[in-house]
Amino acid sequence: MNVEQLLKEEIKKAFRNLFDTEMALDQVNLQPTRKEFDGSHTFVCFPFAKISKKNPEETGKMIGAYLSEHSDAVKSYNVVKGFLNITLTDKVWISVFKAIWNAENYGFLPPSGKEVMVEYSSPNTNKPLHLGHLRNNFLGYAVSEILKANGHKVQKVQIINDRGIHICKSMLAWQKFGNGETPESTGLKGDKLVGNYYVRFDREYKAEVAELAKKYAQEEEAANLDPQTLKKEIDRKNKEGEPLTETEKEQLKLAKPLLEKAEKNAPILLEAQALLKRWEAKDPEVYQLWMQMNAWVYEGFEDTYTQMGVNFDKLYYESDTFLLGKDEVLKGLDAGTFFRKDDGSVWVDLSEEKLDEKLLLRSDGTSVYMTQDIGTAILRFRDFPNIAQQIYTVGNEQDHHFKVLFAILKKLGYAWAEECFHLSYGMVDLPSGKMKSREGTVVDADDLMQEMRNTAAERTQELGKIEGFTEQQATELYDTLGMGALKYFLLKVDPKKRMMFDPEESIQFQGNTAPSIQYTHARIASILRKAKQLGLVMEEDDLKDIDKLEEVESDIIYTLNDYVHKLKEAAKEYSPAVIAQYTYELAKSYNRFFQEVPIFKESDEAKLKFRIAFSSVVGETISKAMGLLGIKVPDRM
RNA sequence: GGCCUCGUAGUUCAAUGGAUAGAAUAGGUGUUUCCUAAACAUUAGAUGCAAGUUCGAUUCUUGCCGAGGCCA
């Protein structure tokens, strides 16, 4: 039974009989009653004053009086400043509970027949995963689960950016300075090892740029100028808001072009570019090395994904799709959708879409990000012809990129482009500001996850909560709690918003956190264990003997009933935060119930059994909701 | 320079145009003869500034200030 629907029907009737007006059902807007007032549903009367030709206060009173007289469901009402608050009878709540309790698969909607693809993760293969990737992965995974619970079929995929200049940089540094190091020889995870060489490349590169720029300065007869050092000093001053001296301004004008020239001509960069060319020409030696280093990275990523608890149905590799992208661009060129400039580069004109011109192929024929994204999108729809929608979980710094991508696909005549969606999420900031790998202010994903598990272990041991646990059970619990805390922290914030992560303060286990919710679940599990021991099981008939509920009980039934609404809302908004907030509310109300209402002391057996069944439903709902977020719940903690 | 986000308690986050702007943390004060105190109860504290739209604006519009991003 749907309470809201029922109530709306009744209000509709009230309008018909009181004001002789026929309302559409969706005109009747109910909202949850704020807790400082009595009631569960609130009808806002202001918009209907015109229909009733009475003031809102009067309108509310008339409807309320009508309802309490004519409807079995309404126990009482009150009107505060034009807000009609409706209290339903306990009988209604009991039947709502019964429906949920009896439901075969409560919280999972029937199959919709819709199939969607969710892309998430999609890292570069030159660096280990960091905090930003964690938000991405948890978000993509949770959205996938939410869509599944809404009855859709979901394909989880990612594109691995395994080609390009970045991986060549790591390869080159490894060739030059690696001395044949491998993950085995160093004991490092593969992604970490490769990442180290990327950093090494950058260091060498910077040194060469500084050297070269100095040399250029000497050639320009500005022997005293050290462009790199000058630039650093000026950047620092700009950042801290210090004014620049006149000499510095003069020197900067001189140094800038020299520096740019050096950045383009540093020998190590030229070498990396040469390596990329050889890779594109499928030089066996280069290819071999590339496969080797990528294999290391994948192995490392695989480990990190396992820790994160995420997975994929299919992986796409940029090295497989970028050529398809080129083909599509050339086809588009032939068809006149794109145009070629004098230097041979290929462009698309999107001025009609209020976006400007965009490069698709460089003058030397090499592809850009856009090229391969076109290829990948097309390939995916070939692989999965039934998908209605493609969702890209990518940070909001790419907002413009995706606008352009979707516009291009539309221009190429792909109807499905209309249904492509960029699930854009905000950056994760540190107290020190933005994460920058070059400045070493990155929070490594593996390290952070380990730290969370350690903290969970410490906290649990402090509280003395692992009596009777085996070593393995304890380890599992620490993982459940630590990873839960981390996932919940990153998911409870609206994905669209940028968020702050303070490593010190973010690791909390009290309040609006996963461990606190998990704790509620463990308490419920404890009650259920005891009930089982006592052989207490509720039968449907027991519900007939209950005619009165505690206030907190009907509150919780309202919340349980609201789960499906939240599930739909979360899917519509692509927001796991909706589920996170909901779960916390539910756990919080249950904690109040736990505190206020005794269970095993209850002398009325029907009530006692009801409270056990009721607890069980709350526990299951918590478990399901947390499951959507990829968070496990323990039975003991 | 053009375009796009975002400004809410000390801090981290909420609020389909609705009521006295919710939580959590940090700070006060309480609650363990009772099913797990990672809990509960209680107290104090906020919409960047200025206009406009209306019965009503944190939400919509414009301007300014501030933070971040994208495109050159």
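Chain A is the first sequence line, chain B the second, and so forth, proteins listed ahead of strands; every chain is numbered from 1.
- Contacts classified as salt bridge (charged side-chain N to carboxylate O under 4.0 Å, His left out) and involving residues 549-558 of chain A (residues at least two apart or in different chains) are given here: A:Glu550-A:Arg611, A:Glu553-A:Arg611, A:Asp555-A:Arg592.
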Check: residues 629-637 of chain A side-chain donor-acceptor pairs under 3.5 Å, at least two apart:
none

Under 3.5 Å, which donor-acceptor pairs do the side chains of residues 491-500 of chain A form with other protein atoms, sequence neighbours left out?
unit_1	atom_1	unit_2	atom_2	d
A:Lys492	NZ	A:Asn512	O	3.0
A:Asp494	OD1	A:Lys496	N	3.0
A:Arg498	NH1	A:Asp429	OD1	3.4
A:Arg498	NH1	A:Asp429	OD2	2.3

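- When distances are taken from the side chain of A:Lys588 to each of B:U20, B:A19, B:A23, the shortest belongs to B:A23.
- An aromatic stacking contact between A:Phe46 and the base of B:G56 is absent, as defined here by ring centres under 5.5 Å apart and ring planes under 30° from parallel.
- With sequence neighbours left out, A:Glu353 forms a salt bridge (Lys or Arg N to Asp or Glu O under 4.0 Å) with A:Lys411.
- Rounding to whole angstrom units, CG of residue A:Asp635 and P of B:C35 are separated by 19 Å.
- When the C1' atom is used for both B:U47 and B:A23, the distance is 16 Å, rounded to whole Å.
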Pairs: protein N or O with nucleotides 14-16 of chain B N or O, under 3.5 Å:
unit_1	atom_1	unit_2	atom_2	d
B:A14	OP1	A:Asp494	N	2.7
B:A14	OP2	A:Lys497	NZ	3.4
B:U16	N3	A:Asn29	ND2	3.4
B:U16	O4	A:Asn29	ND2	3.4
B:U16	O4	A:Gln31	NE2	3.3

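- For the salt bridge (charged side-chain N to carboxylate O under 4.0 Å, His left out) condition, the pairs that include at least one residue of residues 453-468 of chain A, sequence neighbours left out, are A:Arg453-A:Asp479.
- By the stacking rule of 5.5 Å between ring centres and under 30° between planes, A:Phe37 stacks on the base of B:A19.
- Rounded to a whole Å, the CD atom of A:Glu458 is 15 Å from the C1' atom of B:A38.
- Ring stacking holds between A:Phe83 and B:A19, with the centres under 5.5 Å apart and the planes within 30 degrees of each other.
- Applying the salt bridge (charged side-chain N to carboxylate O under 4.0 Å, His left out) definition to pairs two or more places apart or across chains, those involving residues 33-47 of chain A are A:Arg34-A:Glu36.
- Taking atom C1' on both B:A44 and B:G28, the two are 8 Å apart, rounded to the nearest angstrom.
- Residue pairs that meet the ring-ring contact (aromatic ring centres under 6.0 Å, His included) test with at least one member in residues 585-604 of chain A, sequence neighbours left out, are A:Tyr590-A:Phe593, A:Phe593-A:Phe614.
- Interface residues of residues 521-531 of chain A facing RNA chain B, ordered by number: A:Ala522, A:Arg523, A:Ser526, A:Ile527; criterion, heavy-atom separation under 4.0 Å.
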Between protein and nucleotides 65-72 of chain B, map the contacts as a letter string: B base, S sugar-phosphate only, - none, heavy atoms under 4.0 Å, written 5' to 3'.
---SSSS-

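- Listed by chain and residue number, A:Leu355 satisfy the side-chain contact (heavy atoms from CB on, under 4.5 Å) test with A:Lys403 (two or more places apart in sequence, or in another chain).
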Could you list the donor-acceptor pairs under 3.5 angstrom formed between side-chain atoms of residues 45-55 of chain A and any protein atom two or more places apart in sequence or on another chain?
unit_1	atom_1	unit_2	atom_2	d
A:Ser52	OG	A:Phe48	O	3.3
A:Ser52	OG	A:Ala49	O	3.4
A:Ser52	OG	A:Lys54	N	3.2
A:Ser52	OG	A:Thr59	OG1	2.8
A:Asn55	OD1	A:Glu57	N	3.1
A:Asn55	OD1	A:Glu58	N	2.7

